[in-house]
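These notes are about the structure you will find just below.
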Number of protein chains: 2
Amino acid sequence: MTGRLYVIGTGPGSPDQMTPEATKAVEQATEFFGYFPYLDRLALRPDQVKVASDNREELDRARAALTRAAAGVDVCVVSGGDPGVFAMAAAVCEAVDSGPPEWRKIDIVVVPGVTAMLAVAARIGAPLGHDFCAISLSDNLKPWPVIENRLRAVSEAGFVIALYNPISKARPWQLGKAFEILRQTLPGDTPVVFGRAAGRQDERMLVVPLASAEADKADMATCVIIGSAETRIISRQGLSDLVYTPRFLSGEIR
Amino acid sequence: MTGRLYVIGTGPGSPDQMTPEATKAVEQATEFFGYFPYLDRLALRPDQVKVASDNREELDRARAALTRAAAGVDVCVVSGGDPGVFAMAAAVCEAVDSGPPEWRKIDIVVVPGVTAMLAVAARIGAPLGHDFCAISLSDNLKPWPVIENRLRAVSEAGFVIALYNPISKARPWQLGKAFEILRQTLPGDTPVVFGRAAGRQDERMLVVPLASAEADKADMATCVIIGSAETRIISRQGLSDLVYTPRFLSGEIR
């Protein structure tokens, strides 16, 4: 008898943004696999075991969890945010696809969560109020020219853009290059939101025009949202600005 | 003294997928504005008042809620899913932007939620595991040629596509036309997921190849996810297929 394998998202970090469904999945499982800061968000019982790993080892982590589930253990693979957005649900599927036949008999339950761009958007207004896209800026898993091509395609077509994995020590120049490309197609006053650690103690929200957006305003905990030509800013005395993209689009075809 | 205005998302429908943060916002407010099926999801106290409206009256609803908040009442504007994705957060911002100066003094708190595409993706595997976009197929708020142009741009650039508002009685042909356009750029065996009412009693998930995708498989409660050329299906004996998009992209530039 195989165990069940849950793949959960903790949400952006505040316990208040983790769904009851995810909390219940945590109660059911006995072994937990994940990047250690995400595992640290969980309040586990003494009989529950953490198997922490580094953040570049997703496929090995997925295989370790599947191996334990195949052996009959109820396991839980833990992502931050939503497990289906640049996270562990795809890694688990990749491992099943290339793994032994018995892994296809494991009951896999993916539990959705609040992904970073939604949490950042909520803190600042409604920048994702119209058509938008999510792009991982990491060129570890895809060639950089593909990323450039996608940035051009969606900015020309009028999408708001959420950038995940914008920058890291090993990838220092990609975000600056992305801004450079976007400045070729979008107005200089297009709002750029640097949303760091939304909903957590160390949250920091910054809004700047694309013309002066600089990569060093982001770190690994930042989701960067770049508006479309329609995105607007509402100034408010004594309250933070609201950034939003209207639901409607009129005028010329973009 | 103005009241506070919460804009919350209930998640896809199951109470288990609504965050504690949203539940707490509901406890704080005394008047609730929303499309009536969303309001019906809330268990309110006798002193809490529902102001239900139809689903095409977002801007009027936002203005009504702002008017009450300006008068000192703590109000809650209720969306399904996430309030920032084709929902009420943008409508509230639009109303503030064009409204009287006193509305800019209202403390607006947007509470994020699990949006439909994340819930559908979780039920089926990880179709949003790589770069993706969300497009509203409603041409009530933007010209249809813009939608066609966006569908072409993102399918050519290799994005997975989540379609919101795919069909309604007043918009019967748009989804079929969208499939037609996508068949010009994507392989016929690209997986299409019709995800209806994810997480609810009447949930229904259907996966078909793009070549035979038909619009009548969708209704207003459906989110349609169209894979990229990379999206894969894992067959499993006795368990439902897994649909996923790998995190990596190798080979030719798309």
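Protein chains get the first letters and strands the later ones, always in sequence-line order, with residue 1 at the start of each.
Of the inter-residue distances, the one linking B:Ile161 atom CD1 with B:Ser228 atom OG reads 9.5 Å to the nearest 0.5 angstrom.
With a 4.5 angstrom heavy-atom cutoff, B:Asp97 touches chain A via backbone and side-chain atoms both. Neither the backbone nor the side chain of B:Ile147 comes within contact range of chain A; no heavy atom of the residue lies under 4.5 Å from a heavy atom of that chain. For a residue to count as touching a neighbouring chain, one of its non-hydrogen atoms must lie under 4.5 Å from one of that chain's; by this rule B:Ala162 does not touch chain A. Interface residue A:Ser136: backbone and side-chain heavy atoms are both found under 4.5 Å from chain B. Residue contact with chain B, scored on non-hydrogen atoms closer than 4.5 Å, is absent for A:Ala198. For A:Ile106, the part lying near chain B is the backbone, with the side chain staying farther off; criterion is any non-hydrogen pair under 4.5 Å. With a 4.5 angstrom heavy-atom cutoff, A:Leu239 touches chain B only via side-chain atoms. For B:Leu128, the parts lying under 4.5 angstrom from a heavy atom of chain A are both the backbone and the side chain. Only the side chain of B:Val154 has a heavy atom closer than 4.5 Å to any heavy atom of chain A. In this structure, the portion of B:Lys105 lying under 4.5 Å from any heavy atom of chain A is its backbone and not its side chain. Using a 4.5 Å cut-off between heavy atoms, B:Pro15 contacts chain A through its backbone alone, with no side-chain atom that close.
For the pair B:Glu156 and B:Arg152, the salt-bridge criterion is not met [side-chain N within less than 4.0 Å of a carboxylate O]. Salt bridge annotation for A:Arg61-A:Asp54: absent, with no cationic side-chain nitrogen under 4.0 angstrom from a carboxylate oxygen. Between B:Asp107 and B:Arg4 there is a salt bridge, since a side-chain N of the basic residue sits under 4.0 Å from a carboxylate O of the acidic one. Salt-bridge formation is not detected for the pair A:Asp241/A:Arg236: no Lys NZ or Arg NE/NH1/NH2 atom is positioned less than 4.0 Å from an Asp or Glu carboxylate oxygen. For the pair B:Arg247 and A:Glu94, the salt-bridge criterion is met [side-chain N within less than 4.0 Å of a carboxylate O]. Between B:Lys24 and A:Asp16 a salt bridge is recorded (basic side-chain N to carboxylate O distance below 4.0 Å).
Among A:Pro83, A:Ala126, A:Cys93, the residue making the largest number of heavy-atom pairs under 4.5 Å with chain B is A:Cys93. Between chain A and the residues B:Val109, B:Thr245, B:Val85, the most heavy-atom pairs under 4.5 angstrom are made by B:Val85. Of the listed residues (A:Ala121, A:Ala87, A:Ser235), the one with the most heavy-atom contacts under 4.5 Å to chain B is A:Ser235. When each of A:Thr19, A:Val110, A:Asp131, A:Val114 is checked for heavy-atom pairs under 4.5 Å with chain B, A:Asp131 comes out on top. Comparing A:Ala122, A:Cys133, A:Gly129, A:Ala90 by heavy-atom pairs within less than 4.5 Å of chain B, the highest count is held by A:Ala122. Contact count against chain B (heavy-atom pairs under 4.5 Å) is highest for A:Pro20 among A:Gly9, A:Pro20, A:Ser138. Annotation: maximal heavy-atom pairing with chain B below 4.5 Å, among A:Glu58, A:Met117, A:Arg232, occurs at A:Arg232. For chain A, the option among B:Leu242, B:Asp82, B:Thr23, B:Leu59 with the highest count of heavy-atom pairs below 4.5 Å is B:Asp82. Across B:Ala134, B:Ala89, B:Ala119, B:Gly11, the residue that shares the most heavy-atom pairs under 4.5 angstrom with chain A is B:Ala134.
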Under the criterion side-chain contact (heavy atoms from CB on, under 4.5 Å), I'd like the reasoning laid out for B:Lys177 against B:Gln174: C-alpha separation, chi angles, the key distance, then a yes or no.
CA-CA 5 Å; B:Lys177 182 73 184 165; B:Gln174 286 81 345; 5.6 Å; no

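Ring planes of A:His130 and B:Phe86: perpendicular class, angle over 60° (limits at 30 and 60°).
In this structure, A:Gln17 and A:Gly199 approach most closely via the heavy-atom pair OE1-CA, 4.3 Å. The two residues B:Glu21 and B:Pro112 make their nearest non-hydrogen contact at OE1-CD, 3.7 Å.
Counting only N and O atoms by type, the side chains of B:Tyr164 and B:Thr115 include a donor and acceptor under 3.5 Å apart.
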